[in-house]
Protein chains: 2
Amino acid sequence: MADPDPPERRHPPTIYDVARAAGVAPSTVSRAFSRPGRVNAETAERIRRIAAELGYRTNPLARALPTGRTSMLACVIADITNPFYGEIIRGAESAAAEAGYVLLLVDAQESDRQEREALDRALPAVEGVVLTGSRMSDSAIRMTAKQRPTVVLNREVADVPSVVSDNAQGMRMAARHLADLGHRAVTYVAGPEASWADGMRWRSLREAAAELGLRLNRIGPYPPTIPGGTLAAEGVGRQGASAVIAYNDQLAIGLMRGLQAAGVRVPEDVSVVGFDNIFGAELVTPGLTTVAAPLRAQGRAAVRGLISVLGGARPRTAQAVVLPARLVVRASTGGPAPGRGHGRP
Amino acid sequence: MADPDPPERRHPPTIYDVARAAGVAPSTVSRAFSRPGRVNAETAERIRRIAAELGYRTNPLARALPTGRTSMLACVIADITNPFYGEIIRGAESAAAEAGYVLLLVDAQESDRQEREALDRALPAVEGVVLTGSRMSDSAIRMTAKQRPTVVLNREVADVPSVVSDNAQGMRMAARHLADLGHRAVTYVAGPEASWADGMRWRSLREAAAELGLRLNRIGPYPPTIPGGTLAAEGVGRQGASAVIAYNDQLAIGLMRGLQAAGVRVPEDVSVVGFDNIFGAELVTPGLTTVAAPLRAQGRAAVRGLISVLGGARPRTAQAVVLPARLVVRASTGGPAPGRGHGRP
DNA sequence: ACCGGCATGGCAAGCGGTTGCCATCTGTTG
DNA sequence: CAACAGATGGCAACCGCTTGCCATGCCGGT
């Protein structure tokens with residue numbers, strides 16, 4: 001019946017074990033690791049050696065209790081399934097690792113409630129938080145920021161440090177690209193109203209359009225997904241525009257499909273530009289022209305910022321850190337066919 | 001210079017605060033939460049109420065120290081950037097959340113060393129580990145499993161519980177699908193030699209091919225990426241096969257592109273089947289026929305298994321939990337053109 | 001009236017580090 | 001040679017929660 005308690009998981013060695021083996025007090029062992037200068041160099045060396053022999057590793061939990069330093073950062077992702085976030089996570093993870101931190105990933109599943117609950121569970125265990133694509137309200141975010149140093153990605157929240165990509169510049173490049181190709185009017189396909197980025201992009205497009213003398217329409221909002229884009233295709237068809245800029249790549253991809261299904265050719269009849277350069281943007285036919293954000297750099301920047309605050313720096317809340325965007329031109333954009341792009345028939 | 005210590009982060013209430021407010025001993029408060037039956041129902045209720053008023057939340061770190069129960073699980077991902085893992089993470093995350101656990105995500109960045117180090121840092125803080133697409137050796141994995149309950153995903157390691165999708169069945173379906181379309185020969189494009197799944201898939205294909213009377217070739221190994229697939233296109237061209245099954249979707253997608261670039265039509269000249277049904281498989285032209293694994297279910301199953309072990313169940317190491325696969329037929333497969341698929345000219 | 005047993009709550013000893021403060025020793029300095 | 005500062009190590013009190021064990025009170029049973 002009862003098996004003879006086989007490969008028992010033995011207790012790992014503690015500072016007490018090391019102290020005994022080295023003939024010093026536990027506190028000395030502790031200091032040998034956490035406050036190197038505080039103890040005689042030779043003693044420290046000896047302790048280190050013995051600790052290594054015993055296979056001692058400082059228990060992060062035990063350290064965390066009195067000091068609050070858990071060496072963990074939470075990274076909240078709006079939707080872990082969305083490939084857009086992969087590179088951000090990668091960047092965050094590597095910056096964290098460099099600083100000896102570990103990333104606690106929280107998937108918000110695109111839901112305010114889920115996000116709150118998951119964050120709540122994770123919060124007490126982490127030293128800081130990165131919020132990306134948060135669905136929470138500004139005030140909820142400020143609440144979080146009160147409890148732990150927080151950095152917001154791709155969104156600006158008053159009094160909370162943030163890192164964003166240069167939407168305005170990206171949009172300007174996209175608009176200029178279309179104008180250069182000869183388009184005279186462009187339609188913006190909007191994403192979720194609640195999205196900070198959507199507002200930002202729309203505003204930037206308005207400015208750019210004014211500068212370039214482009215006529216502008218806007219349809220939406222649509223869900224920022226491929227089906228959402230297919231939905232939008234209908235609206236775009238009605239507009240009769242020769243060029244479209246979508247809130248993000250998913251929307252743009254869905255849009256292209258919807259258009260093509262309706263017999264509209266891309267880019268011959270309609271040029272399409274997306275945002276984000278997700279994995280997949282280059283896979284579709286035609287390849288999607290899109291505004292790429294420096295995803296990995298964003299992740300890094302966010303974590304770096306967090307860590308510097310943890311190190312005692314003042315959080316930079318005055319204005320967001322903005323990282324440059326880049327226009328990736330692929331086959332989904334081209335010159336307008338004659339007779340289109342000059343407004344409704 | 002020194003700012004007047006503004007919105008000070010105040011210490012959150014502890015069981016001591018609650019105990020004082022309720023006029024009981026701290027131990028009673030503790031029990032009111034962790035061992036409900038152990039304390040008088042009314043007392044417990046009162047304590048709960050007061051705790052709620054004070055905004056008390058049990059500090060997971062403090063709980064973890066004496067008990068070792070951190071309520072955290074590590075999930076090691078071979079490459080967080082690979083969309084394949086997104087759904088697995090989602091499944092794992094939700095199963096974990098249901099059980100009150102939080103996921104610590106570790107990105108191995110496709111590197112043995114990175115994986116080891118990151119895991120090492122995370123290990124002491126978690127109660128269990130899910131390894132997906134691990135790059136570590138079997139013995140390294142067994143080491144990990146000795147330290148913490150571990151479940152391996154999509155790989156079998158002796159003495160370590162694992163969850164895999166039914167590669168054999170999936171492969172059989174793919175092979176039969178091709179046979180039904182009239183193909184008489186198929187080429188397998190192999191992935192990394194070190195990959196457990198690759199070996200599994202190749203073996204299964206051999207069996208299926210024998211059953212169905214298909215002739216079989218194998219080329220590779222190639223890196224399991226889109227560029228890897230483009231590379232493979234050349235080899236496939238030389239084989240002159242009418243149907244190809246690739247180790248995974250990335251390879252298959254790259255392959256299709258390479259083929260198309262060389263003027264070979266898919267599926268008219270060559271049919272292509274992939275594995276995994278990643279985001280993107282349906283975006284390419286033509287849509288990729290692929291063997292889909294129940295990703296989310298796998299993630300769930302792994303975490304469920306882990307949690308049951310943590311709950312005292314005996315780990316199921318005898319044989320892997322195998323989840324059914326599914327063939328997703330899209331446009332990349334069709335009947336062979338006459339004159340092809342009957343072997344080399 | 002006495003005893004065993006159960007329900008309930010408190011005491012105190014951890015869990016494994018960290019750290020303020022004190023004791024000791026050594027080397028300076030006047 | 002006394003006074004003193006700096007370097008080094010130890011003591012012990014935490015951090016917040018868990019839990020084995022004991023004390024008390026109350027009940028039914030004999």
Side-chain angles (χ1 to χ4, degrees), chain A residues 9-48 50-51 54-72 100 121 123-127 147 310, chain B residues 9-48 50-51 54-72 100 121 123-127 147 310:
Chain A
R9 283 185 234 280
R10 208 178 314 298
H11 279 277
T14 72
I15 49 169
Y16 294 90
D17 300 320
V18 177
R20 198 170 329 113
V24 298
S27 51
T28 305
V29 177
S30 170
R31 282 195 274 253
F33 286 102
S34 51
R35 202 130 324 185
R38 183 61 174 70
V39 41
N40 183 299
E42 291 172 26
T43 318
E45 182 46 41
R46 189 163 48 89
I47 291 179
R48 268 214 191 69
I50 296 186
L54 264 49
Y56 167 77
R57 321 221 28 184
T58 126
N59 176 333
L61 264 58
R63 190 225 304 287
L65 191 45
T67 61
R69 298 190 37 238
T70 61
S71 298
M72 294 201 277
R121 256 175 309 146
L123 210 54
V126 303
E127 294 181 50
Q147 301 182 58
L310 293 174
Chain B
R9 283 186 234 281
R10 204 178 318 296
H11 279 278
T14 72
I15 50 169
Y16 293 91
D17 301 318
V18 178
R20 198 170 328 111
V24 298
S27 50
T28 306
V29 176
S30 170
R31 284 196 273 254
F33 285 103
S34 50
R35 201 129 325 185
R38 183 62 175 67
V39 41
N40 184 298
E42 291 172 25
T43 318
E45 181 47 40
R46 190 163 47 90
I47 291 178
R48 270 217 191 69
I50 294 185
L54 263 51
Y56 167 78
R57 321 222 28 183
T58 126
N59 176 334
L61 265 59
R63 189 227 300 291
L65 192 46
T67 63
R69 297 191 36 238
T70 60
S71 297
M72 294 200 278
R121 255 175 310 146
L123 211 52
V126 303
E127 294 181 50
Q147 301 182 59
L310 293 174

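Being a predicted model, the structure only gives us computed values, none of them experimental.
- The minimum heavy-atom distance between A:Val24 and A:Ile47, with the atom names listed, is CG2-CD1, 3.9 Å.
- One can place CD1 of B:Ile15 at 13 Å from C1' of C:dC11, the figure rounded to the nearest angstrom.
- Judged purely by atom type and a 3.5 angstrom limit, B:Arg48 uses its side chain to pair as donor or acceptor with the backbone of B:Ala32.
- For B:Thr43 and C:dG9, the shortest distance from a side-chain N or O to OP1 or OP2 is below 4.0 Å.
- Between the CZ atom of A:Arg63 and the OG atom of A:Ser34 there is a distance of 7.0 Å, given to the nearest 0.5 Å.
- With DNA chain C read from its 5' end, the first of the two nearest nucleotides for B:Pro66 and B:Val39 is the one closest to B:Val39.
- In this structure, B:Arg69 has no salt bridge (Lys or Arg N to Asp or Glu O under 4.0 Å) partners at least two apart in sequence or on a different chain.
- Note on A:Tyr16: every side-chain N or O is 4.0 Å or more away from OP1 and OP2 of C:dG14.
- Distance CG (A:Leu65) to P (C:dG14): 17 Å, rounded to an integer number of Å.
- Shown here are the salt bridge (Lys or Arg N to Asp or Glu O under 4.0 Å) partners of A:Arg57, two or more places apart in sequence or in another chain: B:Asp120.
- Straight-line distance from the CD atom of B:Glu45 to the P atom of C:dG9: 13 Å, rounded to whole Å.
- Between the side chain of A:Arg63 and the base of C:dG16, no donor-acceptor pair under 3.5 Å is found.
- A:Phe33 places its CZ atom 12 Å from the C1' atom of C:dG17, with the value rounded to the nearest Å.
- Considering every non-hydrogen atom in both B:Ile15 and B:Tyr56, the closest pair reads CG2-OH, 3.3 Å.
- Partners of B:Arg20 by salt bridge (Lys or Arg N to Asp or Glu O under 4.0 Å), not counting sequence neighbours, listed by chain and number: B:Asp17.
- The heavy-atom pair separating B:Ala64 from A:Leu61 by the smallest distance is CB-CD2, 3.3 Å.
- Heavy atoms only, all atoms of each residue included: A:Ala21 and A:Leu54 are closest at CB-CD2, 4.2 Å.
- Annotation: the span from B:Arg38 atom CZ to B:Thr28 atom OG1 amounts to 8.5 Å, rounded to 0.5 Å.
- Residues B:Thr70 and B:Val126 share a closest heavy-atom pair of OG1-CA, 3.7 Å.
- Contacts between chain A and DNA chain D, taken as any atom within less than 4.0 angstrom of a protein heavy atom, begin and end at D:dT8 to D:dG16.
- For the segment residues 17-32 of chain A, the set of residues with a heavy atom within less than 4.0 Å of an atom of DNA chain C comprises A:Ser27, A:Ser30, A:Arg31, in numerical order.
- One can place CZ of A:Arg35 at 11 Å from C1' of C:dG20, the figure rounded to the nearest angstrom.
- For the helix from C:dA1-D:dT30 to C:dG30-D:dC1, the angle separating the two terminal helix axes comes to 50°, with each axis derived from five pairs and the value rounded to 10°.
- In this structure, B:Leu61 atom CG and C:dC15 atom C1' are separated by 12 Å, rounded to whole Å.
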